[in-house]
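On a predicted model such as this, the values are computed, not experimentally measured, just so you know.
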Amino acid sequence: MKKVPQISDAELEVMKVIWKHSSINTNEVIKELSKTSEWSPKTIQTMLLRLIKKGALNHHKEGRVFVYTPNIDESDYIEVKSHSFLNRFYNGTLNSMVLNFLENDQLSGEEINELYQILEEHKNRKKE
């Protein structure tokens, strides 16, 4: 499994914008984040700098602005964080997590059916 930097929840919101747009300049990041947050441009720039220092982002200058690209794939980040979550809270087993949701009535009938369909599809693919 790949190693990914520790990213705060706020920094993750910045990363989501960059993953979505892949190559995006400072002004565009600020514009995108202003739709969903009330962070000042200075706060966003600080988070961008932190992400560069952590190795999550790469940047280069184009004219008067910096352009940012991700150094880690979103899918790699999600995979590492999902495993970390399972290990921390459910002893590394997905079964324990699903059982916890079922026992605490946190899954609707529709969600249970959807999970069942997903499992059936994957089971059938493995048979082929």
For the residue pair N100 and N104, confirm or rule out a side-chain donor-acceptor distance under 3.5 Å.
yes
Apply side-chain contact (heavy atoms from CB on, under 4.5 Å) to W39 and M47, showing your working.
CA-CA 10 Å; W39 296 327; M47 284 191 276; 3.5 Å; yes
Decide side-chain contact (heavy atoms from CB on, under 4.5 Å) for I7 and M15; before the verdict, give the C-alpha distance in whole Å, the side-chain angles of both, and the deciding distance to 0.1 Å.
CA-CA 9 Å; I7 296 174; M15 287 301 297; 4.1 Å; yes
Pair H122-E120, side-chain donor/acceptor within less than 3.5 Å:
no
Looking only at atom types and distance, does a side-chain atom of S84 sit under 3.5 Å from a main-chain N or O of V80, one as donor and one as acceptor?
no
Looking only at side chains, do S40 and T43 share a donor and an acceptor under 3.5 Å apart?
yes
The residue among I24, I30, V29 that forms side chain to side chain contact (heavy atoms under 4.5 Å, CB included) with T26 is I30
Got a donor-acceptor contact below 3.5 angstrom from the E11 side chain to the S8 backbone?
yes
L12 and I44: same hydrophobic cluster, using ILVMFWY side-chain contacts below 4.5 Å?
yes
Test side-chain contact (heavy atoms from CB on, under 4.5 Å) on K123 and E121 and set out the steps.
CA-CA 5 Å; K123 183 179 173 183; E121 287 173 16; over 6 Å; no
Within a radius of less than 6.0 Å around CG of N124, do more than 12 heavy atoms belonging to other residues, nucleotides or ligands occur?
yes
Contact summary for L86 and L94, nearest pair of heavy atoms:
CD2-CA, 4.0 Å
Do other residues, nucleotides or ligands put more than 12 heavy atoms under 6.0 Å from the CD atom of Q106?
yes
Distance (rounded to the nearest 0.5 Å) between N95 CG and Y90 OH
12.5 Å
When rounded to the nearest 0.5 angstrom, what distance separates NZ in K54 from CD1 in I72?
10.5 Å
Give a yes or no on whether the backbone of W19 and the side-chain of S22 come within a donor-acceptor separation of less than 3.5 Å.
no
Check whether N25 reaches the backbone of V65 with its side chain - one donor and one acceptor, N or O, closer than 3.5 Å.
no
For residues P70 and I18, report the shortest heavy-atom separation together with the two atoms involved.
CD-CG2, 3.7 Å
If you round to the nearest 0.5 Å, how far is CD1 of I78 from CG of D73?
10.5 Å
When every non-hydrogen atom of N71 is compared with those of N58, the smallest separation belongs to OD1-CB, 3.3 Å
Nearest 0.5 Å please: distance from the NZ atom of K61 over to the CZ atom of F66.
4.5 Å
Cluster link L99 to M97, ILVMFWY, side chain under 4.5 Å:
no
Over 12 foreign heavy atoms within 6.0 Å of CD, E114
no
Check the pair E28 / H21 against side-chain contact (heavy atoms from CB on, under 4.5 Å), numbers first and verdict last.
CA-CA 9 Å; E28 293 167 333; H21 299 281; over 6 Å; no
Nearest-0.5 Å distance, CG of residue L115 to CZ of residue F101
10.0 Å
